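Inspection log for the structure reproduced underneath, given as C-alpha cells.
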Amino acid sequence: MPLSAVREAAVAAITAALEEAFGHTGEEVSLEVPPRRDLGDLAWPGALPLARTLRKAPRQIAEAVVEAARWPEEVERVEIAGPGFLNLYLHRGPFLVRLLSGPSGPLEASGSRVVVEHTNINPNKAAHIGHLRNAVLGDTLVRCLTHLGHHVEVQNYIDDTGVQVADVVVGVLHLPETELAAALGVEPGRRDELIGTFVSRLPREGVPTASTTDFDDLCWDLYPRVTARYEEDPGFAAHRAEVLHAVEAGHGELDLEEAVFTLERAIVSGEPFARRAVARLAAAVADANLRCHLATMARLSVAYDVLPHESDILQLGFWQRAFELLREAGAIRLEESGKNAGCWVMSLADSPEFAEMDDPDKILVRSNGTVTYTGKDIAYQLWKLGLLTDEDGTLHDFGYTPYAHWDREGPAAPVTYGASGQLLARTSSDPSRHIPGHSFGGAGRVYNVIDVRQSYPQKVVREAVRVLGHPEAADASVHFAYEMVALTPAAVRLIEERTGESFGLDEEAMSKSYVEMSGRRGIGVKADEFLDVLTAQAEAAVRERSGEGMDGAETASRARAIAVGALRYLMAKQSRNRVLAFDFDEALAFEGDTGPYLQYSAVRAAKIFARLAERLGEGMVEGDEAAHLRETEVPDDLWELVLACARRREVTAQAVASLEFSLLAQHAHGLAQLFHKLYHVHPVLREEDATLRRLRRAVFTLFVREMHVVLEELLGIPVPEEM
RNA sequence: GCGCCCGUAGCUCAGCUGGAUAGAGCGUCAGACUCCGGAUCUGAAGGCCGCGCGUUCGAAUCGCGCCGGGCGCACCA
C-alpha cells in the first residue's frame, strides 16, 4: 500500500469533484506532501490557480470540492487551510496495517527491455574514483529500474582497439628498458625478459581478487611513462601508429604464448615486430585490465550482463551497415570541396539543437576512409535499439560467448565470479556463436551513463537515430550525463606526500578549488586503493567497538560493508551535474550525513528486535498481529516515519525520471534521521503498556524492512548485522 | 563567438513537476541516557538563495539580461 496509490485515488476524487461542482474538466490535479504533518498528509493547492478560471474565491472552490468529492477510504478527514489549501489526513492505524501487510519487493517485470550502459573504463589501466562515480550511478539506475518493474540489461562497453590500449603496448615494446623495468618494479634487464615478466602478470582467465598490485596497477604506472615519452620525443609517436595499425588488422586466433615467443625472438634478432603478435598482445592487455576492473566493481556489488567489444563492432562491419542505412536515408553526404573535402558528413542543420552552430556538419568518415568514434557509436546505438538491420530485415547482430558467471549472496553483497550463477556474456566476432536462451540489445529504451563532456557526441548519436526515421527511438536514447570527479588540492598534496612523487602542477592549478584527474599523467586516486583505505579505517572502528577476540572474517565483512556504504552513499548523494571535488577527510567520514549513519540506524533498529526476542519473546509485527493496530492511535512523530516509509515507490520513480539519485539518498537519510530521533523518545523494551509497545514495534518493523529495501536493493549499500 | 552546467549558512552540499516558517552535514558554542550501542540525540549562533528586471495570488525554483567559475563546440578517442 504505497502512498502513490492513495495519491492516485485522491486525485481521481478531486478531478471528479471539480467536474461535478463546476463542470470543470481537464484539470491536471497534483497532490503534494505538505511541509508539516499538522498541515495534512497530502495537500492540494489547486484551488488557488483555479480562482481566476472559475471566477470564484479559492476557499469557496475548496469548500465545493470537499462537498462534492467521494474520498478514498484511506482518507480520514479533509481540511481547508490558509488561502485555500486542501489538506488530507489519512486513517493512520489502517494505513499502517496495510503498509505492514503489503509487499515491499520489486514489481514484476514487464514491458520492453531497458539497456543501461555504464562503467566503460578504457582497458589500459586501473580504475580511479571517477570511474566509481559512473559505475555507482549506473548501477543505482539499474537497481531502481528493476525495482520499478523493468527488464534491465547491463552493458559494459570495452574499447579494446583504441589508442589508450595501444599506448600500453607501445610501452612494453618501445619504452627504454630502464623505464619499463621501473614500471614493472623489477631490476632493469633485456627487453625480451621484461616482456616475459609483463606477460606473467596477466590474469588469463576468471576474475582475480582485487588488490593494488594487480596487472591494472602495473599499467597505471606504465601508461603515464609512455605519454610523457610522446611529449619528450615526437618521433616516438610513430610506434603508436604502428601498434594501432596492427590492432586494426586483428590477430586472427593467434595463441598468446606463440605471440609472445614471436615478439621475444624479434627483439633478440632485431627484426620488426610481427603485426599479428602485436595485436595479440594488445588484446591480452585489454582483457587483463577488464578482468581487474570487474574485480574492482565486484567489491561494490556491481555486475554486468554483457561486454560488447569494440573489436567485434569493427570485425562484424557494424559501421558499414550503419553507413548504408544512413546513406539510403539521405542523412549523410560525401563532401566534394571545402575543408571537409573527401569526408562523409552528417548534416545537423535541420535539428534545432545544432542549427546555431558555426559548422553544423559532423564528420563520420575521414578523408582517409576510416570511421570516427562517433560513427562507431552510432552503429552501436542502433544495435542497442534493435534498429541495425540488414537488407533482408534481419538484425545485424554480434556473436556471443559466455565470459564468466557471477553470484552474490544478497542485493548488496560482493559479487563473486565462479563456475556457476548468472551469466556474463561477451560479444564475439563469429556471428554464428549464440548462447541458448540469451539475447542482447534490441531495447525499447537505452541509458548511456557517460560523463557530461561527451554530451556533444551523444547528441549527434541521438540525432542520427532520429534522421534515420526513428524519432521515438531517438527520444528513448538517454544520455545519463554526470559531472566529473576531481581532486581537491589538499587531496593532491596528500597523494604526493604518500607516494613521494610530484605531479608537477603549478601554483595556479593548485590554487583552484579542484584539480582534474588524468590517467595520462597518472594523477588520480585508484579505486581499489581508496577502497582499501576506507576498509582499513572501517575495520579500526569496528575493532574499537567490538573489543578483542572478534572473528577476523566477521570483522572484515563488517568493514567491507561500511566502506562500501560510505563510498556508494557519497557518490549517490551528490547531484549529478555538480563536480565532485574529492576530499579524503570528507570521503572517510563515518558520522553525520554518511552511509554508515544510515547503516547504523538499521543496525540499531535490528538490535531492538534481537533484545526483544531474548527478553520478551516478541518479534517483528506481521500478519495477524498487525491487524490489531487498526484502531491504535498513532502519534505524530511515529506517523511521520510511517508516512515517509510509504513514499519509497514515488521517490524512486522521481529519481529515475530526473536521473537524480540525490533524491533517493536524501529519502534514505530522512528515514534514518527520523528513526534516530524516535529511538530516544520511544523506547520499546522498557515500555510496559502492551498496546503502545506493539505500535512501536510495528513502526520499527516497517522501518527495518524499508531500510533493507532502500539501502541494499536500491542503493547497493549493505546493512551489516552489527557494526 | 555559440551551447550546456554551476553560483543557497564560515565550509561541503539538498531543495522533485512554482506553494505554507529555505533544509542537512561538517565546523563553533552549550547540553543529554544508572541506556533497546554516543557511528546517536537536544538546543544556540549562522542566509539580500550571485545581481537586476519580468511572469504569477505566490519565485531558490519559470523567462530575459548581466556578473563570476567550469565544461563542450576535432578528419583525438
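Note on naming: letters A, B, ... go to the chains in the order of the sequence lines (proteins, then strands), and numbering restarts at 1 for each one. Here the structure is a predicted model, which means the values were calculated and not measured.
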Original post:
Using the P atom in both, what is the distance from B/G63 to B/G23, to the nearest Å?
Top reply: 25 Å
Original post:
B/C36 P sits how many Å from A/H680 NE2, rounded?
Top reply: 13 Å
Original post:
To the nearest Å, how far apart are A/F675 CZ and B/A39 P?
Top reply: 14 Å
Subject >> Whole-Å distance separating the OH atom of A/Y569 from the P atom of B/G25 >> reply: 11 Å
Original post:
When we call it a touch if two heavy atoms are under 4.0 Å apart, what does A/T594 touch: a base, just sugar-phosphate, or nothing?
Top reply: nothing
Original post:
Is there a side-chain hydrogen bond (donor to acceptor under 3.5 Å, both in side chains) between A/Y482 and A/N577 once you walk through the steps?
Top reply: CA-CA 5 Å; A/Y482 63 93; A/N577 42 18; over 6 Å; no
Original post:
What is the nucleic acid contact for A/E591, judged by heavy atoms within less than 4.0 Å: base, sugar-phosphate only, or nothing?
Top reply: sugar-phosphate
Original post:
Among B/G15, B/C36, B/A39, which is the nearest nucleotide to the side chain of A/F590?
Top reply: B/A39
Original post:
Does the pair A/D637/A/R37 count as a salt bridge with the N-to-O cut at 4.0 Å?
Top reply: no
Original post:
For A/R578 and B/A14, is the shortest distance between a side-chain N/O and OP1 or OP2 below 4.0 Å?
Top reply: yes
Original post:
Considering heavy-atom distances to RNA chain B, does A/H676 or A/A43 have its closest nucleotide positioned more toward the 5' end?
Top reply: A/A43
Subject >> Span that lies between the P atom of B/U8 and that of B/U12, in whole angstrom >> reply: 8 Å
Subject >> A/H239 and A/F236 aromatic centres sub-6.0 Å >> reply: yes
**OP:** Ignoring backbone atoms, establish whether A/N577 has a side-chain N or O less than 4.0 Å from OP1 or OP2 of B/C6.
**Re:** yes
**OP:** Rounded off to whole Å, could you give me the CD1-to-C1' distance for the A/I608 and B/G37 pair?
**Re:** 11 Å
**OP:** Measure the distance from CZ on A/R36 to P on B/U21 and round it to the nearest whole Å.
**Re:** 8 Å
Original post:
How are the rings of A/F675 and A/F700 set relative to one another: parallel (under 30°), tilted (30 to 60°) or perpendicular (over 60°)?
Top reply: perpendicular
Subject >> Nearest-angstrom distance from the residue atom CZ of A/R453 to P of B/C4 >> reply: 19 Å
Original post:
Is A/A51 touching bases, backbone alone, or none of the nucleic acid, heavy atoms closer than 4.0 Å?
Top reply: nothing
Original post:
How is A/G82 classified with respect to the nucleic acid when contacts are heavy atoms under 4.0 Å: base, sugar-phosphate, or nothing?
Top reply: nothing
Original post:
Do the ring centers of A/Y157 and A/Y380 come within less than 6.0 Å of each other?
Top reply: yes
**OP:** Under 4.0 Å between any heavy atoms, over every strand shown, what does A/N87 touch: base, sugar-phosphate, or nothing? Just pick one.
**Re:** base
Original post:
Counting only Watson-Crick or G-U wobble pairs whose two distances fall under 3.5 Å, which nucleotide matches B/C4?
Top reply: B/G70
Original post:
Has the side chain of A/T372 got a donor or acceptor atom sitting under 3.5 Å from an opposite partner on the base of B/C75?
Top reply: no
Original post:
Do the side-chain N or O atoms of A/R604 get closer than 4.0 angstrom to the phosphate oxygens (OP1, OP2) of B/A39?
Top reply: no
Original post:
Is A/V681 touching bases, backbone alone, or none of the nucleic acid, heavy atoms closer than 4.0 Å?
Top reply: nothing
Original post:
OP1 or OP2 of B/A14 less than 4.0 angstrom from a side-chain nitrogen or oxygen of A/S575, does that happen here?
Top reply: yes
Subject >> Side-chain (A/D160) to main-chain (A/A286) donor-acceptor, under 3.5 angstrom >> reply: no
Original post:
How long is the span from the CE atom in A/M707 to the OH atom in A/Y600, to the nearest 0.5 Å?
Top reply: 13.0 Å
Subject >> From CG (A/L290) to CG (A/D159), nearest 0.5 Å >> reply: 12.0 Å
Hey, can you pull the donor-acceptor pairs under 3.5 Å for the side chains in residues 40-63 of chain A, sequence neighbours left out?
residue : atom : partner : partner atom : Å
A/D41   : OD1  : A/W639  : NE1          : 2.7
A/D41   : OD2  : A/L90   : N            : 2.8
A/R59   : NH1  : A/G82   : O            : 2.7

Original post:
With a 4.0 Å cut-off, would you call A/E310 and A/K376 a salt bridge?
Top reply: yes
Original post:
Mapping A/S658 and A/Q574 onto RNA chain B by nearest heavy atom, which one lands closer to the 5' end?
Top reply: A/Q574
Original post:
Among B/G19, B/A77, B/G72, which is the nearest nucleotide to the side chain of A/P49?
Top reply: B/G19
Subject >> Between B/C41 and B/C4 - C1' atom distance, rounded Å >> reply: 43 Å
**OP:** May I have the distance from A/Y600 (atom OH) to B/G37 (atom C1'), rounded to whole angstrom?
**Re:** 4 Å
Original post:
Ignoring hydrogens and angles, are the base of B/A77 and the side chain of A/D377 linked by a donor-acceptor pair under 3.5 Å?
Top reply: no
Original post:
Distance between the C1' atoms of B/C6 and B/C49, in whole angstroms?
Top reply: 14 Å
Subject >> Nearest-neighbour nucleotide for the A/S367 side chain, B/C57, B/C75, B/A77 considered >> reply: B/C75
**OP:** Between B/G37, B/C57, B/A77, spot the one nearest the side chain of A/V603, thanks.
**Re:** B/G37
Original post:
For B/C49, what is the paired nucleotide under Watson-Crick or G-U wobble rules, both distances under 3.5 Å?
Top reply: none
**OP:** For A/L612, report the nucleic acid contact type (base, sugar-phosphate, nothing); a contact means any heavy atom under 4.0 Å.
**Re:** nothing
**OP:** Mind checking A/K512 for me? I need base, sugar-phosphate or nothing, with any heavy atom below 4.0 Å counting as a touch.
**Re:** sugar-phosphate
Original post:
Hey, does A/P58 reach any base, or is it just sugar-phosphate, or nothing, if we go heavy atoms under 4.0 Å?
Top reply: nothing
**OP:** Describe the nucleic acid contact of A/V452 in one word from base, sugar-phosphate, nothing, applying a heavy-atom distance below 4.0 Å.
**Re:** nothing
Original post:
Taking the same atom, C1', in B/G27 and in B/G46, what whole-Å distance lies between them?
Top reply: 11 Å
**OP:** State the pairing partner of B/A60; accept Watson-Crick or G-U wobble contacts with both distances under 3.5 Å, and report none otherwise.
**Re:** none
**OP:** For B/U40, take OP1 and OP2 only and decide whether either is under 4.0 Å from a side-chain N or O of A/K677.
**Re:** no
Original post:
Of the nucleotides B/U12, B/C36, B/A77, which has the atom closest to the A/R611 side chain?
Top reply: B/C36
Original post:
Any stacking of A/Y597 on B/A39, going by centres under 5.5 angstrom and planes within less than 30 degrees?
Top reply: no
Original post:
Considering only the C1' atoms, how many Å lie between B/G7 and B/G43, rounded to the nearest integer?
Top reply: 31 Å
**OP:** Answer with base, sugar-phosphate or nothing: what part of the nucleic acid does A/Q454 contact at a heavy-atom distance below 4.0 Å?
**Re:** base
Original post:
What nucleic acid atoms does A/H479 come within less than 4.0 Å of, heavy atoms only: base, sugar-phosphate, or nothing?
Top reply: nothing
**OP:** Using a 4.0 Å heavy-atom cut-off across all strands, classify A/R545 as base, sugar-phosphate, or nothing.
**Re:** base
Original post:
Is A/Q673 near enough to B/G23 that one of its side-chain N or O atoms lies under 4.0 angstrom from OP1 or OP2?
Top reply: no
Original post:
At under 4.0 Å, does any side-chain N or O of A/Q164 touch on OP1 or OP2 of B/A77?
Top reply: no
Subject >> Under 3.5 Å on both distances, the Watson-Crick or G-U partner of B/U55 >> reply: none
Original post:
Considering Watson-Crick and G-U wobble pairs with both distances under 3.5 Å, what does B/C41 pair with?
Top reply: B/G31
Original post:
How many Å lie between CG on A/L580 and C1' on B/G70, as a whole number?
Top reply: 15 Å
Original post:
Does B/G37 have OP1 or OP2 sitting under 4.0 Å from an N or O in the side chain of A/Y679?
Top reply: yes
**OP:** Report which part of the nucleic acid A/D583 touches: base, sugar-phosphate, or nothing (heavy-atom distance under 4.0 Å, all strands).
**Re:** nothing
**OP:** For nucleotides B/G65 and B/A74, find the distance between their C1' atoms and express it as a whole number of Å.
**Re:** 33 Å
